[in-house]
Amino acid sequence: MMTLDDSKKDLALRCDDVRDDVQQGQTIENLNGLHRRVGNRQVQLFAIGGSIGTALFVSIGTALFKGGPASLLLAFTVYSCLIGLVNNCIAKMTVLMPVNGGFVRLAGYWVDDAFGFMAGINFFCYEAIQIPFEITALNVVLQYWRDDIPVVAVCLVCVAAYGLINVFSVKYCSEIEFWLSTGKIILVVVLFCFTFVTMVGGNPQHDAYGFRH
C-alpha cells in the first residue's frame, strides 16, 4: 500500500516527465495588432440593435396586409429558427477555433480560402445594397408625412452622416452605434405600445380591429 509520501513522489516524477515533453516557445498575445476598444454594453446593444432592421418599420406592413398576422408570425418563427441554427453553428466554430474576424474568416478557415473570399464579396454586396435601401425607406417615411422635403437633400445628409461616423475611431463609432441601437429599441417599444392601443380600439374610429383574426 502506497503512503502519502510515495504518492507525492510518484506525482512529482510524472510532472517531470510531462515537463520534459513540453517544448519551450515564445508566447505572443496578439499576432495581428488588434485592440479591443468596444465595451461589453456596446457589444450587447450591437447584437440587439442589429436584429432590428428597417423592414420592421417599413416593409412589414405590406406582408401583414396581404398575408395576415398568422402567416406573418409563422414566417418569422421559421426564419428565426433557421437563424438560430446558423448562430449556434458559428458559436461552436468560434469556440473550437477562434479566428481574427467574423464569419468570413470562419468560412475561409473551415472550408476554403476561395469560399471565404466568396462569402466576403457576398457580404459586401449585401451591405452595399442595404445602405440605399435604408435611405429609400427613410425617404418613404418622410414623404408620408411631408412632401416638401427634397429627396436629394435626404440622400446627401445620410451619405454624409455615414461617412462622418466611419471617420471617427472605433471608440467613438461604437458609442454612436450604441445610442443608435438604444433608439431602435425605444422605437420598437413605442411601436408595439401604439399598435396595441390602436388594435383594442384606441383610434379615431374606435374600431377594435385587432380581434377580427
Side-chain angles (χ1 to χ4, degrees), residues 42-91 102-104 106-107 118-162 165-166 176-213:
Q42 296 166 338
V43 172
Q44 298 297 329
L45 262 295
F46 291 171
I48 299 174
S51 62
I52 304 173
T54 310
L56 183 62
F57 305 105
V58 180
S59 58
I60 194 175
T62 304
L64 181 61
F65 175 75
K66 293 182 178 180
S71 60
L72 193 63
L73 178 61
L74 179 62
F76 266 101
T77 303
V78 175
Y79 181 76
S80 298
C81 291
L82 294 177
I83 294 299
L85 294 176
V86 173
N87 288 337
N88 190 25
C89 293
I90 293 178
F103 64 92
V104 176
L106 289 174
M118 182 192 67
I121 293 297
N122 184 33
F123 185 68
F124 171 78
C125 294
Y126 165 75
E127 291 292 335
I129 296 173
Q130 186 180 11
I131 294 175
F133 170 75
E134 292 180 350
I135 297 176
T136 303
L138 179 60
N139 276 301
V140 170
V141 174
L142 294 177
Q143 292 294 327
Y144 179 80
W145 296 103
R146 297 190 61 171
D147 56 357
D148 58 345
I149 301 177
V151 177
V152 178
V154 176
C155 294
L156 292 177
V157 170
C158 291
V159 172
Y162 276 120
I165 291 174
N166 286 275
I176 294 173
E177 185 67 25
F178 170 80
W179 289 109
L180 290 176
S181 300
T182 304
K184 277 186 177 182
I185 297 173
I186 296 174
L187 187 58
V188 167
V189 174
V190 172
L191 179 63
F192 283 173
C193 295
F194 176 79
T195 304
F196 177 77
V197 171
T198 57
M199 287 176 61
V200 298
N203 51 70
Q205 288 78 22
H206 300 288
D207 182 16
Y209 63 88
F211 297 96
R212 292 177 187 170
H213 300 284

**Student:** What residues, two or more places apart in sequence or in another chain, satisfy side-chain hydrogen bond (donor to acceptor under 3.5 Å, both in side chains) together with Glu177?
**Tutor:**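 Applying side-chain hydrogen bond (donor to acceptor under 3.5 Å, both in side chains) to Glu177 gives none.
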**Student:** Taking side-chain hydrogen bond (donor to acceptor under 3.5 Å, both in side chains) as the test, write out the residues that go with Asp148, two or more places apart.
**Tutor:**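 side-chain hydrogen bond (donor to acceptor under 3.5 Å, both in side chains) check on Asp148 returns Arg146.
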**Student:** Could you state the interatomic distance from CG (Leu180) to CZ (Phe46), rounded to the nearest 0.5 Å?
**Tutor:**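 Rounded to the nearest 0.5 Å, the CG-CZ separation comes to 9.5 Å.
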**Student:** Checking Val188 now: which residues fulfil side chain to side chain contact (heavy atoms under 4.5 Å, CB included) with it, not counting sequence neighbours?
**Tutor:**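 Result, side chain to side chain contact (heavy atoms under 4.5 Å, CB included) vs Val188: Ile52, Leu56, Phe57, Phe192.
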**Student:** For residues 122-133, run the donor-acceptor check on the side chains, cut-off 3.5 Å, and write out each pair with its distance to 0.1 Å, sequence neighbours left out.
**Tutor:**
unit_1	atom_1	unit_2	atom_2	d
Gln130	NE2	Glu134	OE2	3.3

**Student:** Taking only residues at least two apart or on different chains, which pairs with a member in residues 62-86 satisfy side chain to side chain donor-acceptor pair (under 3.5 Å)?
**Tutor:**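 Every pair satisfying side chain to side chain donor-acceptor pair (under 3.5 Å) with a residue in residues 62-86: there are none.
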**Student:** Using the side chain to side chain contact (heavy atoms under 4.5 Å, CB included) criterion, which residues pair with Ile48? Sequence neighbours excluded.
**Tutor:**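 With sequence neighbours excluded, Ile48 shows a side chain to side chain contact (heavy atoms under 4.5 Å, CB included) to Ile185, given in chain and number order.
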**Student:** Taking side chain to side chain donor-acceptor pair (under 3.5 Å) as the cut-off, I'd like each qualifying pair that reaches into residues 180-206, sequence neighbours left out, listed once.
**Tutor:**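 Applying side chain to side chain donor-acceptor pair (under 3.5 Å) to every pair that reaches into residues 180-206, excluding sequence neighbours, yields Thr198-Tyr209.
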**Student:** Could I get the full list of ring-ring contact (aromatic ring centres under 6.0 Å, His included) partners for Tyr162, not counting sequence neighbours?
**Tutor:**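 ring-ring contact (aromatic ring centres under 6.0 Å, His included) check on Tyr162 returns nothing, list empty.
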**Student:** Could you work out, with side-chain hydrogen bond (donor to acceptor under 3.5 Å, both in side chains) as the rule, every residue matching Asp207, not counting sequence neighbours?
**Tutor:**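 Testing Asp207 for side-chain hydrogen bond (donor to acceptor under 3.5 Å, both in side chains), a comparison that skips the adjacent residues, returns Arg212.
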**Student:** Once rounded to the nearest 0.5 Å, what's the spacing between atom CD1 of Ile149 and atom CG of Leu142?
**Tutor:**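 These two atoms lie 4.5 Å from each other.
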**Student:** When rounded to the nearest 0.5 angstrom, what distance separates CD1 in Ile186 from CH2 in Trp179?
**Tutor:**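 Ile186 CD1 to Trp179 CH2: 8.5 Å, rounded to 0.5 Å.
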**Student:** Using side chain to side chain contact (heavy atoms under 4.5 Å, CB included) as the criterion, list what pairs up with Ile90, not counting sequence neighbours.
**Tutor:**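 For Ile90, the residues satisfying side chain to side chain contact (heavy atoms under 4.5 Å, CB included) (neighbours in sequence not counted) are Val86, Met93, Thr94, Phe103, Leu106.
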**Student:** Under the side chain to side chain contact (heavy atoms under 4.5 Å, CB included) rule, collect the residues that match up with Val200, sequence neighbours excluded.
**Tutor:**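 Expected list: Phe196, Phe211.
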**Student:** Report the residues that fulfil ring-ring contact (aromatic ring centres under 6.0 Å, His included) with Phe178, sequence neighbours left out, ordered by chain and then residue number.
**Tutor:**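 Not a single residue meets the ring-ring contact (aromatic ring centres under 6.0 Å, His included) criterion with Phe178.
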